[in-house]
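Below: one structure, written as structure tokens.
Order of the sequence lines fixes the chain letters, A, B, ..., with proteins taken first and strands second; residue numbering starts at 1 for each chain.
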Amino acid sequence: MSDLHAPLLAWYDEHARDLPWRRPEASPWSVMVSEFMLQQTPVVRVLPVHERWLATWPTPADLAAEPAGEAVRAWGRLGYPRRALRLHAAAGAIVERHDGEVPASYDDLLALPGVGDYTAAAIAAFAFGQRQVVLDTNVRRVLGRAVGGVEFPAASVTRAERDRAEAVLPDEPLAATWSVAVMELGALVCTATSPRCDACPVADLCTWRAAGHPAYDGPPRKVQAWAGTDRQCRGRLLGAVRDTDGPVHVSRLEAAWPEAAQRERCLAALVADGLLVRAGESAYALP
DNA sequence: AATTCGTGGTA
DNA sequence: TTACCAAGAAT
């Protein structure tokens, strides 16, 4: 499958988006911040927040010196605000354990809060040029189609999938560029709902296309409910605090989510998560 | 292994 | 309008 390499790398060279964390001058910290923000959040929404974040906190030590609540506030509406908390905690761990420098080793990265297999591999590859198996949703879909011949990969990463990704990964120094190129192809061409095979540099080699684009036939993929869920409730409550300076009286939170039992349950959960703190008898604030 | 955790854009 | 999806991690 090394036939995939040349056309894909050539395509990436011509079509890659100019993203701040991909520029030569981008620091490992910039890459790390981008990877946290891009966990389940599209690039276009990350761009302005990432820019402001790096301008405010150019190094891990700058962020670690702040209260966690400042990170939650700056996170804005990117979603999943516990990522802001974890990024803040990771910055603290980097100061504590790595002298303020983002570590380059996969194992050291994996040990940081909020860093799982994907993010550890991505930082090691994109910030430090290492050969790592980077398996995100894009890579999984592209390789699942091009090599595996299926429209969508399994719910969780399989051993066969990891072996396949390892098998097609070129040696250094091309490996990291290859990985970001596969991701970019998944993001721009080999998309989930409307792949543009006519624009794909490896269409001729694609197993799924050769088989006539067979439809997904695995177990039904979960659709997240939203209306009325705790996630919606938590979002409303945290949003009310995040968009206000200083403590917020419970009357404001009652207006944000009238249903009492769910509101109190979610407030307690937000406090337990460290996203909110009680401020006196009848108010809440960012930590 | 299956759930939980935000938000907003698109078809 | 509803359904689906977007560079996942933690439990």
Among C:dA7, B:dC5, B:dG6, the nucleotide that comes nearest once only the side chain of A:Asp230 is considered: B:dC5
Test item: A:Glu70 and A:Thr56 side chains (from C-beta on) under 4.5 Å apart, heavy atoms: no
Connected via hydrophobic side-chain network under 4.5 Å: A:Tyr118 and A:Met37: no
Touch class at under 4.0 angstrom, heavy-atom based, for A:Ala122 against every strand present: nothing
Which residue lies more 5' along DNA chain B, comparing A:Gly235 with A:Ser156 via nearest heavy atoms: A:Ser156
Distance, rounded to the nearest Å, where A:Arg221 contributes CZ and B:dA1 contributes C1': 19 Å
Touch class at under 4.0 angstrom, heavy-atom based, for A:Leu238 against every strand present: nothing
Same-atom distance (P) from C:dA9 to B:dG8, integer angstrom: 23 Å
Whole-Å distance separating the CG atom of A:Leu275 from the P atom of B:dT7: 11 Å
Flag if over 12 foreign heavy atoms under 6.0 Å of CG, A:Asp163: yes
Verdict with reasoning, A:Ser30 to A:Arg23, per side-chain hydrogen bond (donor to acceptor under 3.5 Å, both in side chains): CA-CA 10 Å; A:Ser30 175; A:Arg23 291 173 190 153; over 6 Å; no
Under 4.0 angstrom between A:Ser194 side-chain N/O and B:dA11 OP1 or OP2: no
Residue met sooner reading DNA chain B from 5', once A:Ala155 and A:Leu270 are mapped to nucleotides: A:Ala155
Touch class at under 4.0 angstrom, heavy-atom based, for A:Gly116 against every strand present: sugar-phosphate
Selection: residues 10-48 of chain A, any non-hydrogen atom under 4.0 Å of DNA chain B: A:Gln40, A:Thr41, A:Arg45
A:Arg140 CZ - C:dC5 P separation (whole Å): 13 Å
Nearest-angstrom distance, P atom, B:dC5 to C:dA7: 23 Å
Sugar-phosphate, base or nothing in reach of A:Gln224, heavy atoms under 4.0 Å: base
Any side-chain heavy-atom pair of A:Arg145 and A:Pro195 under 4.5 Å: yes
Length of the CG-P vector between A:Leu267 and B:dC5, whole Å: 14 Å
Given C:dA6, C:dA9, B:dT7, the nucleotide with the shortest approach to the side chain of A:Tyr118: C:dA9
Under 4.0 angstrom between A:Arg82 side-chain N/O and C:dA10 OP1 or OP2: no
Touch class at under 4.0 angstrom, heavy-atom based, for A:Asp117 against every strand present: sugar-phosphate
Sugar-phosphate only, base, or nothing, as touched by A:Thr137 at under 4.0 Å among non-hydrogen atoms: sugar-phosphate
Distance test, side-chain N/O of A:Arg83 to OP1/OP2 of B:dG6, below 4.0 Å: no
N/O (side chain, A:Arg234) to phosphate O (OP1/OP2, B:dT7) under 4.0 Å: no
Out of C:dA7, C:dC4, B:dT7, whichever nucleotide has its closest atom nearest the side chain of A:Arg231: B:dT7
Out of C:dC4, B:dG6, C:dA7, whichever nucleotide has its closest atom nearest the side chain of A:Thr193: C:dC4
For atom CD of A:Gln132 and atom P of C:dA7, their distance in whole Å: 20 Å
Distance, rounded to the nearest Å, where A:Leu85 contributes CG and B:dT4 contributes C1': 16 Å
Closest to the A:Asn138 side chain, choosing from C:dC4, C:dA7, B:dC5: C:dA7
Spacing between A:Trp226 atom CH2 and C:dA6 atom P, to the nearest angstrom: 18 Å
Backbone of A:Asn138 reached by a side-chain donor or acceptor of A:Asp136 within 3.5 Å: yes
Comparing A:Arg86 and A:Arg141 on DNA chain C - which has the more 5′ nearest nucleotide: A:Arg141
Sugar-phosphate only, base, or nothing, as touched by A:Val134 at under 4.0 Å among non-hydrogen atoms: nothing
Any A:Leu47 side-chain heavy atom under 4.5 Å of A:Trp21 side chain: yes
Atom pair distance, as rounded to whole Å: CZ in A:Arg77 and P in B:dG9: 10 Å
Closest approach of A:Val134 to A:Ala121 (non-hydrogen atoms, all atoms of both residues): CG2-O, 4.0 Å
Validation row: A:Leu188, A:Arg17 side chains within 4.5 angstrom (heavy atoms): yes
